[in-house]
Asks: 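Let me begin by handing over the structure; questions about it come next.
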Amino acid sequence: MARAARLFASLAALLAAAATGDARPSKIGLRHRREVGGRSAIFNGEDFVLEETDWYLLNLFRLWWHYGISFLRLQMWVEEVMEKFMRIYKYQAHGYAFSGVEELLYSLGESAFVNMTQRSVAESLLQVGVTQRFIDDVVSAVLRASYGQSAAMPAFAGAMSLAGAQGSLWSVEGGNKLVCSGLLKLTKANVIHATVTTVTLQQTEGKPLYHVKYENEVGTGSDYYDIVVIATPLHLDNSSTITFEGFDPPIDVVQGSFQPTVISLVHGYLNSSYFGFPDPKLFPFASILTTDFPSFFCALDNMCPVNVSASFRRKQPQEAAVWRVRSPQPLLRSQLKTLFRSYYSVQTAEWQAHPVHGPRSPLPRFVLHDQLFLLNALEWAASSVEVTAVAAKNVALLAFNRWYQDLDKIDQKDLMHKVKTEL
Ligand SMILES: *[C@@H]1O[C@H](CO)[C@@H](O)[C@H](O)[C@H]1NC(C)=O
Ligand SMILES: *[C@@H]1O[C@H](CO)[C@@H](O)[C@H](O)[C@H]1NC(C)=O
Ligand SMILES: *[C@@H]1O[C@H](CO)[C@@H](O)[C@H](O)[C@H]1NC(C)=O
Ligand SMILES: CC(=O)N[C@H]1CO[C@H](CO)[C@@H](O)[C@@H]1O
């Protein structure tokens, strides 16, 4: 998304202070990856409806020329949502936790926030005066690139995704996966490399005890735990992964499905003619977003290595390069032949990237049973690394507060006021 985001990035700088690149290594020894410039554009199947230029003022002028005040209104809408969302960090710093997604969202932005999980991005934006044309051309393209969904998706998830498109995203040198391995190491946790198959409730009087069975190549194993946190999707499609036994009423899994996403890494020569540039040397873009036209791909990005050396430059447009194509389904050979003049190799990864975001009632809960929690509840409202980190902290606080019966710290109303007076 970082590349696709650049269209907004340069503009966001006008309204918000630019995020300063921090060169110091983090607590787990990670650094920001160096950014490599590259222009974005939005393709509608025939033409580019919006093109980023090297000249910042011209970008701004074009957006104003094409879309008038819509851009500013979108910006204000996203900023208002983000400002409220950021309250969670203050609440969590004071130890407050929430047992359900609805309680969490209500504490951040009251019923308007909860409603944003039920109404569409388009509806919310039209209400604040953003034009349908801007939604069709620009907003949809960003949502397609990040979620593979349209402006009919819920406003809350949409706002999070549009916020990501406004600039300050960055990557970790060596690959973002280093965050997970680094954090895991930092916890000094005892990791059992196995797949959990069954969680059984052992004791129903006093504090519960959970019997967790797991298996790996070596065989099966099991252990007893006071607190269990499930940090994997748990929904109807996937209910077979973990079985719950001895729970009455039975454990409630989310009624929903996940969105399959296909990433194809293609090493080859882009077919710039397809995008209206018969001379490949003149093709100026590193990142292409697409509007809602019925198409086989959502976004196309020119890739940079996970470690960007000081001397690294993007390949010339007529040279072979590595491109990432995101699509809802695996690309057919004919589709690859449309996007690329020729290619050396294609590597494909298909996975259940995130929930299909849609209106959902009731919203999922973090508490599945007394001391059994579901971290992934929040991804049904919005799905990103940051949202998952917020959910993880919430579940940790929730388990802690419940264990010590500190009920004042759970599902409290009017936290803005409480947090102010506690300081
Ligand atoms: C949220 O939705 C409910 C039901 O549709 C409505 O009554 C309420 O006014 C909405 N609240 C806000 C703040 O939009
Ligand atoms: C890439 O960066 C990571 C993290 O800074 C480092 O550990 C790794 O050695 C680097 N790899 C190469 C090939 O330079
Ligand atoms: C490239 O795109 C053009 C225009 O859409 C198309 O005619 C051609 O078949 C595509 N493929 C190749 C390999 O040129
Ligand atoms: C039945 C089903 O859809 N199972 C899926 C559960 O999730 C895993 C991991 O994403 C998939 O690999 C399974 O296919």
Side-chain angles (χ1 to χ4, degrees), residues 1-8 36-54 58-59 62-63 65-67 133-151 165 259-305 313-350 353:
M1 205 38 221
R3 292 258 61 78
R6 284 185 39 89
L7 209 51
F8 281 115
V36 187
R39 292 195 229 155
S40 313
I42 299 176
F43 186 61
N44 73 358
E46 280 173 16
D47 296 310
F48 286 101
V49 291
L50 195 61
E51 299 173 26
E52 194 183 25
T53 69
D54 282 335
L58 182 61
N59 291 336
R62 284 189 175 180
L63 271 177
W65 181 255
H66 285 301
Y67 303 106
R133 182 166 168 224
F134 186 73
I135 294 172
D136 292 343
D137 285 358
V138 181
V139 172
S140 312
V142 173
L143 298 177
R144 260 171 79 80
S146 50
Y147 283 125
Q149 285 187 245
S150 73
Q259 172 108 2
T261 298
V262 182
I263 299 288
S264 306
L265 290 179
V266 182
H267 180 208
Y269 298 88
L270 192 74
N271 180 11
S272 54
S273 303
Y274 177 71
F275 298 101
F277 288 82
D279 182 354
K281 286 199 193 71
L282 300 179
F283 187 79
F285 306 117
S287 176
I288 297 168
L289 286 73
T290 59
T291 53
D292 273 341
F293 71 98
S295 103
F296 56 93
F297 76 105
C298 299
L300 181 72
D301 297 281
N302 183 273
M303 299 301 283
C304 296
R313 294 282 175 279
R314 280 189 199 279
K315 292 268 189 284
Q316 294 295 312
Q318 71 276 17
E319 293 179 302
V322 178
W323 292 87
R324 176 180 62 192
V325 190
R326 297 174 199 229
S327 54
Q329 257 125 50
L331 295 173
L332 303 172
R333 232 179 100 77
S334 59
Q335 293 167 335
L336 281 165
K337 287 276 180 200
T338 305
L339 289 177
F340 297 91
R341 279 187 285 139
S342 66
Y343 51 87
Y344 298 112
S345 67
V346 183
Q347 284 179 39
T348 306
E350 181 174 358

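Atoms within a ligand are numbered from 1 in the order they appear, just like the ligands themselves. Basis for what follows: all heavy atoms, side chains included, without hydrogens, waters or symmetry-related copies.
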Asks: Judged on heavy-atom distance to atom 4 (C) of ligand 3, which of Tyr274, Tyr343, Phe275, Tyr269 sits nearest?
Replies: Tyr274

Asks: How about Glu350: does its CD atom have over 12 heavy atoms from other parts shown lying under 6.0 Å from it?
Replies: yes

Asks: Taking CD in Glu319 as the centre, count heavy atoms belonging to other residues, nucleotides or ligands within less than 6.0 Å. Is the count above 12?
Replies: yes

Asks: At a 4.0 Å threshold, what atoms of ligand 3 neighbour a non-hydrogen atom of Arg341?
Replies: 13 (C)

Asks: For atom 7 (O) of ligand 3, is there a protein heavy atom at a distance under 4.0 Å?
Replies: no

Asks: Which residue and atom name correspond to the protein heavy atom nearest atom 9 (O) of ligand 3, and how close is it?
Replies: Asn271 ND2, 4.9 Å

Asks: Kindly indicate whether the side chain of Tyr343, heavy atoms from C-beta on, has any atom under 4.5 Å from the side chain of Val322.
Replies: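 No - every pair of side-chain heavy atoms lies 4.5 Å or more apart.
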
Asks: Against Phe43, only a single residue in Phe297, Phe283, Phe285, Tyr274 fulfils ring pair (Phe, Tyr, Trp, His ring centres under 6.0 Å); can you say which?
Replies: Tyr274

